[in-house]
Enquirer: 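Structure incoming, see below.
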Amino acid sequence: MRDGQVMADELLDWYDRHARVMPWRVGPRDRASGIAPDPYAVWLSEVMLQQTTVAAVRDYFTRFLALWPSVHDLAAAEDARVMGEWAGLGYYARARNLLKCARVVSGELDGVFPDTLEGLMALPGIGPYTAAAIAAIAFGRPETVVDGNVERVMARLFAITDPMPGSKPALREAAATLTPNLRPGDYAQAVMDLGATICTPKSPACGICPWRDDCAGRAEGIAAELPRREAKKPKPLRVGIAYVGRREDGAWLVETRPERGLLGGMLGWPGADWGEVAIEAPPVDADWRDVGEDVRHTFTHFHLRLDLRVARLPMDCVPERGHFAPKLAPSDLPTVMRKAFDLARSALD
DNA sequence: AAAACGTGGGC
DNA sequence: TGCCCAAGTTT
């Protein structure tokens with residue numbers, strides 16, 4: 001293995017030639033013309049990118065930035081509006097924390113993001129990865145940015161064969177030996193780009209990797225198997241019932257889910273909690289009709305089968321739970337609820 | 001410290 | 001088709 005600084009320089013050379021264009025990225029050419037990264041935009045993009053692919057984030061980022069160009073704009077937004085815009089992107093705690101964070105930065109920090117790891121980590125929704133990414137990309141600090149890409153690249157580069165997550169500290173230490181003092185933000189994005197395009201989870205393109213001659217995993221012929229992981233536990237099946245009611249004037253009976261927990265703060269269809277058996281829990285007395293099909297959806301830690309009941313509700317209907325949404329945009333719903341909506345709508349026609 | 005927390009694309 | 005996995009954080 002060569003000197004860490006030499007390797008970082010080599011990767012930066014590769015990055016200068018191959019960096020992908022992304023709406024949140026300020027490239028070397030931009031900086032040459034005086035464009036500096038906006039910490040607000042960097043923060044927004046990094047939160048969206050947590051456990052989420054670049055392809056999924058792109059349009060959401062552009063839309064958020066157009067709707068709320070500054071942290072003050074976002075801080076002043078209505079919760080329901082922001083949750084609706086986040087719908088479909090997943091991990092909704094991120095959207096709740098996004099608003100909390102925006103309100104702290106806007107209201108208590110005069111709209112200025114902290115530029116240190118400690119200051120950033122104190123904010124809601126910012127953990128070790130995001131703090132380092134903002135410090136490096138927005139403020140040019142030589143922090144070590146460790147995400148899933150970096151872990152995979154380091155596991156291969158140093159042939160670290162202990163399984164994740166136990167090997168995480170070793171992977172972080174390995175990454176730290178390479179972090180450069182110059183252009184740390186570009187370097188962080190370069191390693192992540194490398195992991196996303198060349199050092200991919202399966203079938204890595206080692207032949208065109210800028211670090212191919214330094215890679216111990218490749219030399220040992222085990223690169224593609226790394227990083228190893230502990231066996232994951234199987235997902236149980238949970239079942240439930242969703243009640244999709246439409247009033248005569250076209251309004252839909254929805255409820256805002258509790259702040260905490262699954263799909264917290266998002267709109268959804270009334271019904272009992274999902275579990276081993278489905279529990280009937282109509283939100284209002286009505287002629288609920290069983291729809292032939294059910295919704296299948298898989299969350300991070302369980303499979304869901306959601307039976308559907310539909311009903312047309314009278315204008316004088318007073319539900320026990322939920323509220324009527326006169327104009328419901330399906331795009332405001334989390335994906336599992338939108339699936340239910342799509343099936344129920346055809347059943348109600 | 002293990003578990004909760006979404007979704008879509010790729011193979 | 002079902003599993004893997006992705007620019008993680010919180011409790």
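A, B, ... follow the sequence lines: proteins, then strands. Residue 1 opens every chain.
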Enquirer: Provide, to the nearest angstrom, the distance between the OH atom belonging to A/Y92 and the P atom belonging to B/dA4.
Expert: 19 Å

Enquirer: If you draw a 6.0 Å radius around CG in A/D273, do more than 12 non-hydrogen atoms from other residues or ligands fall strictly inside?
Expert: no

Enquirer: Over how many whole Å does the gap from A/F302 atom CZ to C/dG2 atom P extend?
Expert: 18 Å

Enquirer: Touch check for A/R260, heavy atoms < 4.0 angstrom, all strands: base, sugar-phosphate only, or nothing?
Expert: sugar-phosphate

Enquirer: Is any side-chain nitrogen or oxygen of A/T335 closer than 4.0 Å to OP1 or OP2 of B/dG8?
Expert: yes

Enquirer: Rounded off to whole Å, could you give me the CG-to-C1' distance for the A/D147 and C/dA6 pair?
Expert: 9 Å

Enquirer: Under 4.0 Å between any heavy atoms, over every strand shown, what does A/M121 touch: base, sugar-phosphate, or nothing? Just pick one.
Expert: nothing

Enquirer: Pick the nucleotide of DNA chain B nearest each of A/R238 and A/A56; which residue has the one closer to the 5' end?
Expert: A/R238

Enquirer: Return whichever of A/I126 or A/R20 has its heavy-atom-nearest nucleotide of DNA chain C closer to the 5' end.
Expert: A/R20

Enquirer: Report the distance from atom CG of A/N97 to atom C1' of C/dT11, rounded to the nearest whole Å.
Expert: 12 Å

Enquirer: Grab the CZ-P distance between A/R228 and C/dC5 for me, whole Å please.
Expert: 13 Å

Enquirer: What about A/Y129, does its side chain sit under 3.5 Å from the base of C/dG8 through a donor-acceptor pair?
Expert: no

Enquirer: Report yes or no: is there a donor-acceptor pair, N or O only, under 3.5 Å between the side chain of A/T53 and the base of B/dG9?
Expert: no

Enquirer: If you check the A/P201 side chain, which of C/dC5, B/dG6, B/dT7 turns out closest?
Expert: C/dC5

Enquirer: Classify the nucleic acid contact of A/L263 as base, sugar-phosphate or nothing, counting any heavy atom under 4.0 Å across all strands shown.
Expert: sugar-phosphate

Enquirer: When you match A/L49 and A/L123 each to their closest nucleotide on DNA chain C, which lands nearer the 5' end?
Expert: A/L49

Enquirer: Does A/R103 qualify as a cation-pi partner of A/W68, given the criterion of NZ or CZ under 6.0 Å from the six-membered ring centre and within 45 degrees of its axis?
Expert: no

Enquirer: Counting the atoms with a prime plus P, OP1 and OP2 as sugar-phosphate, which does A/G264 contact under 4.0 Å by heavy atoms, base, sugar-phosphate, or nothing?
Expert: nothing

Enquirer: Classify the ring geometry of A/Y40 against A/F113: parallel below 30°, tilted from 30° to 60°, perpendicular beyond 60°.
Expert: tilted

Enquirer: Any ion pair linking A/D16 and A/R183 (charged N to carboxylate O, less than 4.0 Å)?
Expert: yes

Enquirer: Between A/Y91 and B/dA4, is there a contact of a side-chain N or O with OP1 or OP2 at under 4.0 Å?
Expert: no

Enquirer: Looking at A/T52 and B/dG6, is any side-chain donor or acceptor paired with a base atom of the opposite kind under 3.5 Å?
Expert: yes

Enquirer: Can A/K168 and A/E151 be counted as an ion pair, charged N to O under 4.0 angstrom?
Expert: yes

Enquirer: Can you tell me how far C1' of C/dT9 sits from CG of A/L99, to the nearest Å?
Expert: 17 Å

Enquirer: Atom NZ of A/K168 and atom C1' of B/dA1: how far apart are they, to the nearest Å?
Expert: 13 Å

Enquirer: Just call it for A/V54: base, sugar-phosphate, or nothing, with non-hydrogen atoms closer than 4.0 Å on any strand.
Expert: base

Enquirer: How close or far is atom C1' of C/dT10 from atom CG of A/L262, stated in whole angstroms?
Expert: 15 Å

Enquirer: Please tell me if A/H297 has a side-chain N or O lying less than 4.0 Å from either OP1 or OP2 of B/dT7.
Expert: yes

Enquirer: For a quick test of reading the model: is some side-chain N or O of A/K233 closer than 4.0 Å to OP1 or OP2 of B/dA3?
Expert: yes

Enquirer: I want to check one thing: is the phosphate of C/dA6, taken as OP1 and OP2, less than 4.0 Å away from some side-chain N or O of A/R152?
Expert: yes

Enquirer: I want to check one thing: is the phosphate of C/dC3, taken as OP1 and OP2, less than 4.0 Å away from some side-chain N or O of A/K235?
Expert: no

Enquirer: Is there a side-chain polar atom (N or O) of A/H301 under 4.0 Å from OP1 or OP2 of B/dA3?
Expert: no

Enquirer: Is any side-chain nitrogen or oxygen of A/T130 closer than 4.0 Å to OP1 or OP2 of C/dT9?
Expert: yes

Enquirer: Run A/W86 and A/Y60 through ring pair (Phe, Tyr, Trp, His ring centres under 6.0 Å) and show every step you take.
Expert: CA-CA 7 Å; A/W86 196 277; A/Y60 281 86; 7.3 Å; no

Enquirer: Categorize A/G88 for me: base, sugar-phosphate, or nothing, with a 4.0 angstrom heavy-atom threshold over every strand shown.
Expert: sugar-phosphate

Enquirer: With a 4.0 Å limit, can you tell me whether A/Q51 has a side-chain N or O closer than that to the phosphate oxygens OP1/OP2 of C/dG8?
Expert: yes

Enquirer: Considering only atom P, compute the distance from B/dG8 to C/dT9 and round it to an integer number of Å.
Expert: 22 Å

Enquirer: Determine, stepwise, if the pair A/Y243 / A/E255 fulfils side-chain hydrogen bond (donor to acceptor under 3.5 Å, both in side chains).
Expert: CA-CA 11 Å; A/Y243 295 84; A/E255 72 180 359; over 6 Å; no

Enquirer: Looking at C/dA6, I'd like to know if its phosphate oxygens (OP1 or OP2) sit under 4.0 Å from a side-chain N or O belonging to A/R229.
Expert: yes

Enquirer: Taking the side chain of A/K202 as its heavy atoms from C-beta onward, which of B/dA4, B/dG10, B/dG6 lies nearest to it?
Expert: B/dG10

